[in-house]
Amino acid sequence: QVQLVESGGGLVQVGGSLRLSCAASGRRTFSNYAMGWFRQAPGKEREFVAATTWSGGSTGYTDSVKGRFTISRDNAKNTVYLQMNALKPEDTAVYYCAAGRYGNSPGEYYYWGQGTQVTVSS
């Protein structure tokens with residue numbers, strides 16, 4: 001099992017920045033897994049945001065966040081990050097981190113955090 005705990009969410013104005021963190025713990029080795037970030041806005045399905053391979057050597061992003069968001073990981077700290085810049089109101093959602101296989105589908109991931117709220121105000 002892998003337990004994931006997100007932090008760093010909050011309220012920010014349009015154009016602002018936030019850095020989300022996701023700390024992993026448990027009996028499974030963090031560096032064995034690809035890590036992803038997903039988000040879910042009210043009334044919408046959970047959608048892929050970004051992912052990184054186990055080494056951090058490859059990353060992927062949904063088109064709407066390319067150039068604004070950066071995913072990274074520190075395997076020594078069992079932590080994955082999502083740096084979010086130039087935030088827009090449409091980025092408002094609950095953000096979830098997940099551990100599993102590298103991909104953009106929720107079905108690729110085995111373990112999920114509880115989520116952290118990001119609200120971008122205009």
Side-chain angles (χ1 to χ4, degrees):
Q1 286 283 359
V2 174
Q3 289 79 45
L4 302 172
V5 179
E6 301 96 336
S7 61
L11 175 65
V12 64
Q13 291 187 333
V14 169
S17 298
L18 284 174
R19 187 196 197 200
L20 305 184
S21 299
C22 173
S25 62
R27 301 184 70 177
R28 299 288 186 176
T29 303
F30 174 74
S31 60
N32 286 347
Y33 297 98
M35 297 297 296
W37 285 96
F38 290 76
R39 65 187 181 187
Q40 189 166 18
K44 295 187 177 181
E45 293 186 353
R46 192 168 297 190
E47 67 168 349
F48 170 75
V49 176
T52 178
T53 53
W54 69 271
S55 66
S58 294
T59 58
Y61 300 89
T62 192
D63 285 346
S64 63
V65 307
K66 284 180 180 177
R68 300 189 297 123
F69 290 11
T70 303
I71 188 172
S72 61
R73 67 188 295 163
D74 185 339
N75 286 341
K77 296 182 178 180
N78 290 348
T79 302
V80 63
Y81 305 97
L82 185 68
Q83 178 67 44
M84 306 186 295
N85 298 328
L87 283 161
K88 303 176 180 180
E90 51 264 43
D91 295 318
T92 295
V94 177
Y95 283 70
Y96 300 89
C97 71
R101 297 182 297 182
Y102 185 66
N104 61 6
S105 169
E108 304 280 357
Y109 295 85
Y110 314 132
Y111 305 105
W112 292 83
Q114 83 289 348
T116 186
Q117 177 71 47
V118 171
T119 303
V120 183
S121 67
S122 56

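Reckoned from all heavy atoms, side chains included, excluding hydrogens, waters and symmetry mates.
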Quiz item: Glu6 and Gln114: side chain to side chain contact (heavy atoms under 4.5 Å, CB included), yes or no, with the steps?
Solution: CA-CA 7 Å; Glu6 301 96 336; Gln114 83 289 348; 2.9 Å; yes
Quiz prompt | Results of salt bridge (charged side-chain N to carboxylate O under 4.0 Å, His left out) for Arg101 - residues two or more places apart only | solution = Glu108
Quiz prompt | CD1 on Ile71 to OG on Ser58, rounded to 0.5 Å | solution = 11.5 Å
Quiz item: Backbone N or O of Lys77 within a donor-acceptor pair of the Thr79 side chain at under 3.5 Å?
Solution: yes
Quiz item: Going from OG on Ser25 to CD on Gln3, what distance comes out if it is rounded to the nearest 0.5 angstrom?
Solution: 4.5 Å
Exercise. Look at the side-chain heavy atoms of Ile, Leu, Val, Met, Phe, Trp and Tyr, link any pair under 4.5 Å apart, and say whether Val14 and Val12 land in one connected group.
Key: yes
Exercise. May I ask you to test the Leu4-Met35 pair for a side-chain heavy-atom distance under 4.5 Å?
Key: yes
Quiz item: Can you tell if the side chain of Thr52 reaches within under 4.5 Å of the side chain of Ser72, non-hydrogen atoms only?
Solution: no
Self-check item: From NZ (Lys88) to OG (Ser122), nearest 0.5 Å
Solution: 13.5 Å
Quiz item: With a 3.5 Å cut-off and no angle check, do the side chains of Ser17 and Asn85 form a donor-acceptor pair?
Solution: yes
Self-check item: Exceeds 12 heavy-atom contacts within 6.0 angstrom, atom CD of Glu90
Solution: yes
Quiz item: In Å and rounded to the nearest 0.5 Å, what is the SG to CZ distance from Cys22 to Arg73?
Solution: 10.0 Å
Self-check item: Contact check, side chains of Asp91 and Met84, non-hydrogen atoms, under 4.5 Å
Solution: no
Self-check item: Nearest-0.5 Å distance, OG of residue Ser31 to CG of residue Asp74
Solution: 11.0 Å
Exercise. Please lay out, stage by stage, how Trp54 and Asn32 fare under the test side chain to side chain contact (heavy atoms under 4.5 Å, CB included).
Key: CA-CA 6 Å; Trp54 69 271; Asn32 286 347; over 6 Å; no
Exercise. Could you tell me whether the side chain of Ser21 and the main chain of Ser7 form a donor-acceptor pair under 3.5 Å?
Key: no
Practice problem: Please determine if Lys66 and Asp63 form a salt bridge, counting it only when a charged side-chain N lies under 4.0 Å from a carboxylate O. | Solution: yes
Quiz item: Hey, quick one: are Tyr95 and Tyr81 part of the same hydrophobic cluster, counting side-chain heavy atoms closer than 4.5 Å, chains of contacts allowed?
Solution: no
Self-check item: Qualifying ring-ring contact (aromatic ring centres under 6.0 Å, His included) pairs with a residue from residues 13-37, counting only residues at least two apart or across chains
Solution: Tyr33-Tyr111
Quiz item: Does Tyr109 sit in a hydrophobic cluster with other residues, and if so which ones, taking ILVMFWY side chains as linked at heavy-atom separations under 4.5 Å, directly or through other members?
Solution: Phe38, Phe48, Val94, Tyr96, Trp112
Quiz item: Hey, mind stepping through Tyr61 and Thr70 against side chain to side chain contact (heavy atoms under 4.5 Å, CB included) and telling me if it holds?
Solution: CA-CA 8 Å; Tyr61 300 89; Thr70 303; 3.8 Å; yes
Exercise. Is it possible for you to say whether Val2 and Val80 belong to one hydrophobic cluster, with membership spreading through side-chain heavy-atom contacts below 4.5 Å?
Key: yes
Exercise. Determine, step by step, whether Val65 and Arg39 satisfy the side chain to side chain contact (heavy atoms under 4.5 Å, CB included) criterion, reporting the C-alpha distance in whole Å, the side-chain angles of both residues, the deciding distance to 0.1 Å, and the verdict.
Key: CA-CA 12 Å; Val65 307; Arg39 65 187 181 187; 4.0 Å; yes
Self-check item: Beyond-backbone contact of Leu87 with Leu18, side-chain heavy atoms, under 4.5 angstrom
Solution: yes
Quiz item: Between the side chains of Thr119 and Gln117, does any donor sit under 3.5 Å from an acceptor?
Solution: yes
